[in-house]
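Down below is the structure, laid out as structure tokens.
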Amino acid sequence: MNILFRQGRVLDPARGVDQVADVLIVDGCLQAIQPALELGCERPGELRQVDARGKWIVPGLVDMHVHLREPGEEYKETIASGTRAAVAGGYTAVACMPNTKPVNDNAAVTRFILERAREQGSCRVYPVGAISTGSAGESLAEFGELREAGVVAVSDDGRPVMNSLLMRRALEYAKIFDLLVISHAEDLHLSRGGLMNEGPISTAQGLQGIPNTAEEVMVARDLLLAEWTGSRLHIAHVSTAGSVRLIRDAKGRGVAVTAETAPHYFCLNDEALATFDPLYKVNPPLRRPADVEAIRQGLQDGTIDAVATDHAPHSSVEKDIEFEYAANGIIGLESALPLILDLVREGLLSASEAIAKVSCNPARILGIPAGVLVTGRPADLTVIDPEAAYTLDSQAFQSKSRNCPFHGRRVQGRVEMTLVQGRVVFGHRA
Amino acid sequence: MPFNRKDLLGIRDLEAHEIEHILDLAKSFKEINTRSIKKVPTLRGKTVVHLFYEPSTRTRTSFDIAAKRLSADTYSITASASSLVKGETFLDTLKNLEAMKPDVFIIRHSASGAPARMAQRTSAAVINAGDGMHEHPSQALLDMLTMREHKGRLEGLTVLIVGDIAHSRVARSNLWGLKKMGASVVLCGPTTLIPPQIERMGARVCRRPEEAIPDADVIMVLRLQKERQQQMLLPSLREYSMVFGINARRLEKAREDVVIMHPGPINRGVEISPEVADGPHSLILDQVTNGVAVRMALLYLLAQRAEDRGQRPE
């Protein structure tokens with residue numbers, strides 16, 4: 001099927017494009033992006049024309065941090081359901097973290113994920129391999145074989161690397177394969193037993209706190225190691241003002257560091273924990289309003305390059321229990337876009353900057369061919385109605401899980417259509 | 001209506017006049033406990049379920065005696081938080097018990113916030129009998145009743161709470177309550193056991209007990225749990241006792257009419273010396289006596305409310 005989008009606002013930050021244009025897709029590839037396309041004798045057969053006036057046409061969104069839970073915890077999410085959630089949220093590419101069961105620390109697991117994604121996935125899936133065998137923090141995983149099997153980065157997300165020597169070796173060794181090292185920055189001694197952000201709310205609630213410093217000492221350590229080894233480093237889910245400051249300083253010194261945050265770190269703060277609702281339990285935890293402000297500043301000044309969702313599905317078995325025993329995590333794929341667009345409406349980011357944080361920036365960090373609209377290349381793109389106002393309803397999500405604290409929130413900005421390789425993989429039904 | 005709530009989850013939620021009302025009611029119930037026949041028919045036909053996820057002897061016994069003296073039927077369930085592992089969640093347990101139509105749940109849980117979550121899922125009244133490090137409202141009420149009895153007032157009192165503030169639901173509930181009633185609260189303990197920004201709850205924090213003892217009308221000593229040593233919060237119980245233990249020598253600087261309280265169970269010789277615990281200033285056993293009266297008042301208010309709710313057509 002061939003598609004012609006008429007008169008949409010084409011936003012392609014990687015190429016500095018922000019103009020009203022027609023977009024023609026033929027045989028799965030972007031054929032033309034022109035202000036006013038004349039269909040002459042080369043008019044393709046079977047052409048679907050879509051009126052895109054008032055809509056944004058953007059590169060398919062890229063989420064560089066999701067948990068698809070397969071293999072091992074298919075009752076929470078599968079590659080099929082997680083990628084359906086992704087395309088419903090406007091994403092055409094996701095990078096999935098290795099903390100599956102078994103851990104993605106070897107080529108067999110990587111190949112399984114890629115094969116499942118090919119067979120059952122709705123979007124492109126880029127696996128992230130483990131830094132250490134079993135993410136146990138003791139010995140390096142086989143980066144060479146993982147790279148060959150298709151991983152785009154390595155990370156011990158969820159089970160942070162406590163051993164500084166192992167982190168040093170990972171940063172050094174990853175250079176051979178030009179693999180990105182993604183740091184889940186958390187000092188497990190400082191965070192031990194912690195259930196929420198440490199501060200006045202944890203004090204009043206009688207919940208053990210996780211101090212900002214649990215994140216910041218590891219951000220500082222990893223920045224120093226990256227600087228020393230001359231390696232590329234990416235800091236996942238930045239949540240504190242101190243981390244933003246450390247990363248900003250390091251970038252100023254020329255350290256090859258990039259960083260991401262998640263919508264809940266710029267939309268929510270720890271006051272939400274007053275109800276003991278485990279929906280708000282996440283790691284790193286929701287922080288103080290001043291941290292939220294610093295994250296927003298970091299997004300604005302470019303210290304934080306990307307917005308990822310850290311989509312972390314959990315079933316009610318893990319979530320609808322005592323706060324203390326509930327699992328950490330928030331699903332984000334189907335709620336992120338309108339929250340990011342809020343930053344545009346609030347004047348914090350331009351439309352192009354906002355789209356860049358979820359397209360070309362994460363694609364560049366991961367080194368994947370995505371996040372840009374190039375004629376002749378497969379048409380991965382997303383059509384957004386920036387004005388549509390609606391209420392987020394997690395019951396209607398494609399994800400298998402419902403742990404979304406934004407359920408019931410009035411938002412603005414909706415995914416109208418998502419295309420992967422020119423195929424409509426998601427279309428909003430009014 | 002001076003008290004119009006479904007549940008009692010924490011002192012933080014209460015208004016000063018509600019606290020006053022509970023204490024007045026408790027004072028009137030005290031008399032029943034001195035009769036030779038210590039039973040009134042007030043809650044006949046009401047069902048009170050003790051649901052305890054954490055071991056407790058004195059609180060459970062106190063609630064049980066209170067309920068029985070009001071003629072309620074009581075049932076006691078000791079649930080293990082590990083029932084989670086066996087597949088039944090705390091909400092499942094609650095729903096099952098709810099199906100048997102109790103009027104009041106008295107819930108103790110090691111996890112902060114668990115009673116509040118349960119209260120949202122049941123139409124029965126819920127009394128929080130202590131949750132994690134969060135709140136222990138009936139303890140704070142009996143403490144305030146005891147202080148009021150001995151000092152004639154709460155307003156204007158200076159109450160010094162000494163010990164492991166960070167892990168203490170008793171300290172939190174007392175702090176909320178005493179501030180609402182116009183008392184000043186000074187907290188003292190090892191800096192490792194003072195939770196961050198507790199001043200925002202209205203307390204003053206001091207480093208050494210000596211700084212606050214001379215001005216204190218009431219000194220409330222908290223139990224120090226031995227595990228704190230393993231958690232790198234303290235070098236040793238010996239040093240704790242030397243720096244923070246309340247003993248006769250430290251009390252030399254105290255006011256003549258100072259009273260000493262402790263929520264129990266006490267570690268003799270650690271946070272409090274035996275001569276102070278058993279001495280003339282100690283109100284520790286008065287607290288236990290008042291506990292029954294306060295819990296009678298709470299059951300009376302909340303079980304009555306359950307009846308009202310049943311009668312009112314929705």
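Throughout, a chain's letter reflects where its sequence line sits, starting with A, and its residues are numbered from 1. Quantities reported herein were computed from a predicted structural model and do not represent experimental measurements.
- Both the backbone and the side chain of B:Ile198 come within less than 4.5 Å of a heavy atom of chain A.
- More than 12 heavy atoms of other residues, nucleotides or ligands sit less than 6.0 Å from atom CZ of B:Arg223.
- Looking at heavy atoms from C-beta onward, B:Arg121 lies in side-chain contact with A:Asp320 at the 4.5 angstrom threshold.
- In terms of heavy atoms, A:Glu324 sits closest to B:Ser110 at OE1-O, 3.5 Å.
- Separating the CD atom in B:Gln231 from the CZ atom in A:Arg192 is a distance of 10.0 Å, to the nearest 0.5 Å.
- Under the rule for a ring-ring contact (aromatic ring centres under 6.0 Å, His included), the partners of B:Phe244 that lie at least two apart in sequence or sit in another chain are B:Tyr240.
- In this structure, the side chains of B:Ser112 and A:Gln205 stay at 4.5 Å or more apart for every pair of heavy atoms.
- Taking chain A as the reference chain and counting heavy-atom pairs below 4.5 Å, the highest number among B:Ala111, B:Ser168, B:Gly10, B:Ala116 is found for B:Ala111.
- Atom CZ of A:Arg402 has more than 12 heavy atoms from other residues, nucleotides or ligands within 6.0 Å.
- In terms of heavy-atom proximity, A:Gly199 sits nearest to B:Gln197 at CA-NE2, 4.4 Å.
- In this structure, B:Arg172 contributes its side chain and A:Thr203 its backbone to a donor-acceptor pair below 3.5 Å.
- Separation of atoms CD (A:Glu322) and CG (B:Leu91) is listed at 7.5 Å; rounding is to 0.5 Å.
- Only the side chain of B:Arg117 comes within contact range of chain A, with heavy atoms under 4.5 Å apart.
- Using a 30° and 60° split on the angle between ring planes, B:His134 and A:Phe276 fall in the perpendicular class, above 60°.
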